[in-house]
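Okay, so here's the structure we're looking at.
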Amino acid sequence: MTNFESLNQSVVSGDEAQVIEQVKAFMDAGVSPLEIINQGLIGGMNIVGPRFKAGDMFVPEVLMAARAMAAGVNIVKPFIADNDLPSKGKILLGTVKGDLHDIGKNLVGMMLESSGFKVIDLGIDIPADRFVAAIKEHKPDILAMSALLTTTMQNMKDTVDLVKEAGVSVKCIVGGAPVSQEFADQIGAAGYAPDAASAVDLCNKLLSA
Ligand code: B1M
């Protein structure tokens, strides 16, 4: 079994150069890109979260960790997206209005891409009307929204409502740390996924139904 502890620590300490070096070494050794992401890079961010919460890490350190993680992801990403999988469907993705968190959303996008979905990522801070305009333009099968703040998750409801009002055909799904299945049910979303891998399962399920 591959030991990712040292890569985890490089992410935590925000050492971008070391993350790049270690990720390259794992790739050269033939370790699966998904394993590098899930256990090495996400594994590192999973340590950062609780430390930030406990006040043991501060915003600049968290940003450095996020940047180091993104540098690692950038190396691995082409090897996942180039899997030559047929497109299973189109997913429109974005973080809702007022919310600038994108690490989890980007992981969801990468996992979806690597599973054969075409992903259109609108980015962060996306208001409901921009989601609806993009649905009209790109005609996705699924709209996947991310929110990391209890305040911004309410904007998912605004988007679901506007999608219904606009009469566009798309399945809305939601995710992000404060979001739950109960919340998804309350706002009339078609589904909820607690993590990136579950988002892939959910999209597979919704599009095969
Ligand atoms: Co922010 N932040 N942050 N932050 N930040 C949290 C979310 C927080 C929980 C930290 C805390 O206080 N304990 C807290 C929210 C509290 C709350 O509302 N419940 C918080 C706060 C308060 C804030 C600010 C308000 C801080 C301030 O300025 N006072 C501010 C808000 C800015 C804004 O958005 N308007 C802020 C800012 C920031 C940074 C810019 C410093 C940075 C973001 C950098 C970036 O994203 N580019 C940041 C970070 C990094 C965090 C923490 C530490 C880590 C988030 C993260 O990336 N996790 C976070 C604490 C924590 O999570 N414990 C925190 C790793 C990532 C892989 O997980 O995003 O959960 P996550 O994604 C998962 C799942 O949730 C799921 O799959 C992903 C992968 O498995 N998922 C989906 C996510 N989206 C999905 C969509 C789907 C499906 C699944 O679609 C269907």
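Predicted model, so just to flag it, every value in this text is computed and none were measured. Order of listing sets the numbers, starting from 1, for every ligand and every atom in it. When reading the values below, keep in mind they use all heavy atoms of this one structure, side chains included, and skip hydrogens, waters and symmetry mates.
For the pair N8 (side chain) and Q39 (backbone), a donor-acceptor distance under 3.5 Å is present. One N or O on the side chain of N155 and one on the backbone of K97 form a donor-acceptor pair closer than 3.5 Å. Although no hydrogens or angles enter the test, the distance criterion places a donor-acceptor pair under 3.5 Å between the side chain of D99 and the main chain of L148. In this structure, D141 contributes its side chain and K90 its backbone to a donor-acceptor pair below 3.5 Å. Remark: side-chain polar atoms of E61 are paired, donor with acceptor, to backbone N or O of F58 under 3.5 angstrom. The backbone N or O of H101 lies less than 3.5 Å from a partner atom in the side chain of T95, making a donor-acceptor pair.
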Could you walk me through whether L162 and D158 pass side chain to side chain contact (heavy atoms under 4.5 Å, CB included), step by step?
CA-CA 6 Å; L162 197 64; D158 294 350; over 6 Å; no
For C172 and T159, run side chain to side chain contact (heavy atoms under 4.5 Å, CB included): C-alpha distance rounded to whole Å, both residues' side-chain angles, the deciding distance at 0.1 Å, then the answer.
CA-CA 9 Å; C172 297; T159 308; 5.8 Å; no
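The option with the heavy atom closest to atom 71 (P) of ligand 1, from among G104, A199, A184, A193, is G104. For the residues V200, L93, V108, the heavy atom positioned nearest atom 82 (C) of ligand 1 is part of V108. Nearest residue to atom 46 (O) of ligand 1 from T150, L41, D102, I124 is D102 (criterion: closest heavy atom). Closest heavy-atom approach to atom 43 (C) of ligand 1 within the set M153, K97, H101: this belongs to H101. In this comparison of D195, I173, I103, L202, the heavy atom closest to atom 57 (O) of ligand 1 sits on I103.
Around CE of M27, the count of heavy atoms belonging to other residues, nucleotides or ligands within 6.0 Å exceeds 12. Around atom CD of Q186, more than 12 heavy atoms belonging to other residues, nucleotides or ligands sit under 6.0 Å away. Counting heavy atoms of neighbouring residues, nucleotides and ligands inside a 6.0 Å radius, atom CD of Q181 exceeds 12 of them.
Comment: K157 engages D161 in a salt bridge, judged by a side-chain N to carboxylate O separation of less than 4.0 angstrom.
Heavy-atom contacts of V174 reach the following atoms of ligand 1: 90 (O), 91 (C) (cutoff under 4.0 Å). Short contacts between ligand 1 and G176, defined as distances under 4.0 Å to a heavy atom of the residue, involve ligand atoms 75 (O), 81 (N), 82 (C), 83 (C), 84 (N), 85 (C). Counting atoms of ligand 1 from 1 in the listed order, those under 4.0 Å from a heavy atom of A196 are 77 (O), 79 (C), 80 (O). Those atoms of ligand 1 with a heavy atom of G175 less than 4.0 angstrom away are 82 (C), 84 (N), 85 (C), 86 (C), 87 (C), 88 (C), 89 (C), 90 (O), 91 (C). Every atom of ligand 1 is numbered from 1 in the order shown, and the set under 4.0 Å from a heavy atom of D99 is 34 (O). Ligand-side atoms of ligand 1 in range of M145: 86 (C), 87 (C), 90 (O), range being under 4.0 angstrom from any heavy atom.
A heavy-atom separation below 4.0 Å is found between P194 and ligand 1. For G98, the closest heavy-atom approach to ligand 1 falls below 4.0 Å. Ligand 1 lies nowhere less than 4.0 angstrom from a heavy atom belonging to V48.
For atom 38 (C) of ligand 1, the protein comes within 4.0 Å by at least one heavy atom. Put simply, atom 15 (C) of ligand 1 has protein non-hydrogen atoms near it, under 4.0 Å away. For atom 53 (C) of ligand 1, a protein heavy-atom neighbour is present inside the 4.0 Å cut-off. Remark: atom 49 (C) of ligand 1 lies closer than 4.0 Å to at least one protein heavy atom. There is no protein heavy atom closer than 4.0 angstrom to atom 29 (N) of ligand 1. Distance check on atom 3 (N) of ligand 1: some protein heavy atom falls below the 4.0 Å cut-off.
Of the protein's non-hydrogen atoms, the one nearest atom 20 (C) of ligand 1 is L149 CD2, 3.8 Å. Nearest protein heavy-atom neighbour of atom 12 (O) of ligand 1: F52 CE2, 4.7 Å. Atom 67 (C) of ligand 1 has L107 CD1, 3.4 Å as its closest protein atom, hydrogens excluded (heavy atom only). The closest protein non-hydrogen atom to atom 40 (C) of ligand 1 is L63 CD2, 4.1 Å. The protein heavy-atom contact nearest to atom 84 (N) of ligand 1 is S146 OG, 2.8 Å. Protein heavy atom at the shortest distance from atom 58 (N) of ligand 1 is M45 CE, 4.7 Å. In terms of protein heavy atoms, atom 7 (C) of ligand 1 is closest to L148 O, 3.4 Å. Among all non-hydrogen protein atoms, the one lying nearest atom 41 (C) of ligand 1 is V59 CG1, 3.5 Å.
With no hydrogens or angles considered, a side-chain donor-acceptor pair links D195 and S198 at under 3.5 Å.
Smallest separation of non-hydrogen atoms from A147 and V179: O-CG2, 4.1 Å.
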